[in-house]
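What's counted below: heavy atoms across the whole structure, side chains too, no hydrogens, waters or symmetry copies.
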Amino acid sequence: MILRTLAVGAAAIVTSAALAVPALASTSSAFANPETWSWGAIHSSDRAGMAKGKVVLDRPGFTVSGKLYDLPGRPGCSWAKFRWYKDTGGWGHKTYRNCSDAKPLSFTFPSGYMLKVEGKVCRGTAKKITGRCSGWEAMWAQGG
């Protein structure tokens, strides 16, 4: 009876150890499957421009990507502006323009490690933003 109890206890230990090994392997390679968050759609105030995409945590830091749409039949261009607060302090900025109502503009930029990223979509000419902007929309922030 004692031997059977020891055998059952040993089997339970071996089984629990076998279950723990894959869990440890998956946490040590956290960047093998990067974390992804979707954002958007962000529309200009006249609804003629729109952007949406994703934020990916991978080495070395974050990458923001998406598409900027300029809706057909509207004069002007769509502009997307992004700002992110870096983990070392200070802001990073990026701006994209799409004047083609035939196809969206795809974009990707690395932001490094950051605490938050925000975006807005505006309307303008081929040279500058002239207004009709959305407010700054939160796309991702540390801690939710």
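- Side chain of Asn98 to backbone of Lys103: a donor-acceptor contact under 3.5 angstrom is found.
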Legend entry - Trace of the side-chain contact (heavy atoms from CB on, under 4.5 Å) decision for Val64 with Met139: CA-CA 10 Å; Val64 178; Met139 298 161 46; 3.8 Å; yes

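- Between the side chains of Ser78 and Arg123, at least one donor N or O sits under 3.5 Å from an acceptor N or O.
- Here the closest heavy-atom approach between residue Gly76 and residue Asp70 is recorded as O-OD2, 3.4 Å.
- Hydrophobic cluster membership differs between Ile129 and Leu105, with clusters built from Ile, Leu, Val, Met, Phe, Trp and Tyr side chains linked at under 4.5 angstrom.
- Between Phe62 and Trp140, the ring center distance clears the sub-6.0 Å criterion.
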Inset, instruction - Go through the steps for Trp37 and Leu57 under the test side-chain contact (heavy atoms from CB on, under 4.5 Å), then give the verdict. - result: CA-CA 9 Å; Trp37 297 268; Leu57 173 57; 3.8 Å; yes

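- Closest non-hydrogen pair, Lys120 versus Gly135, comes out as CB-O, 3.5 Å.
- Considering only heavy atoms from C-beta on, Thr63 stays 4.5 Å or farther from Asp58 through its side chain.
- For Phe82 and Trp136, the ring centers are positioned 6.0 Å apart or more.
- Residues in residues 87-102 take part in no salt bridge (Lys or Arg N to Asp or Glu O under 4.0 Å) pair, two or more places apart or across chains.
- Atom NZ of Lys52 has 12 or fewer neighbouring heavy atoms from other residues, nucleotides or ligands inside a 6.0 Å radius.
- Taking all atoms of both residues into account, the shortest heavy-atom contact from Val121 to Met50 is CG1-N, 3.9 Å.
- For residues 71-86, every residue pair satisfying the salt bridge (Lys or Arg N to Asp or Glu O under 4.0 Å) rule, not counting sequence neighbours, is listed here: Arg83-Glu118.
- In this structure, Tyr96 is a member of the same hydrophobic cluster as Trp39, with clusters built from ILVMFWY side-chain heavy atoms closer than 4.5 Å.
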Inset, instruction - Carefully, step by step, assess Trp79 and Leu68 under the rule side-chain contact (heavy atoms from CB on, under 4.5 Å). - result: CA-CA 8 Å; Trp79 291 75; Leu68 174 62; 5.6 Å; no

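- Side-chain rings of Phe109 and Trp84 approach one another, their centers coming within less than 6.0 Å.
- Among pairs with a residue in residues 126-139, those fulfilling salt bridge (Lys or Arg N to Asp or Glu O under 4.0 Å) read Asp46-Arg132, at least two apart in sequence or across chains.
- The nearest pair of heavy atoms linking Lys116 to Trp91 is CE-CH2, 3.4 Å.
- Here the shortest heavy-atom pairing between Ser65 and Thr108 reads CB-OG1, 3.4 Å.
- Judged by distance alone, with hydrogens and angles left aside, the side-chain atoms of Ser44 form a donor-acceptor pair with the main-chain N or O of Gly49 at under 3.5 Å.
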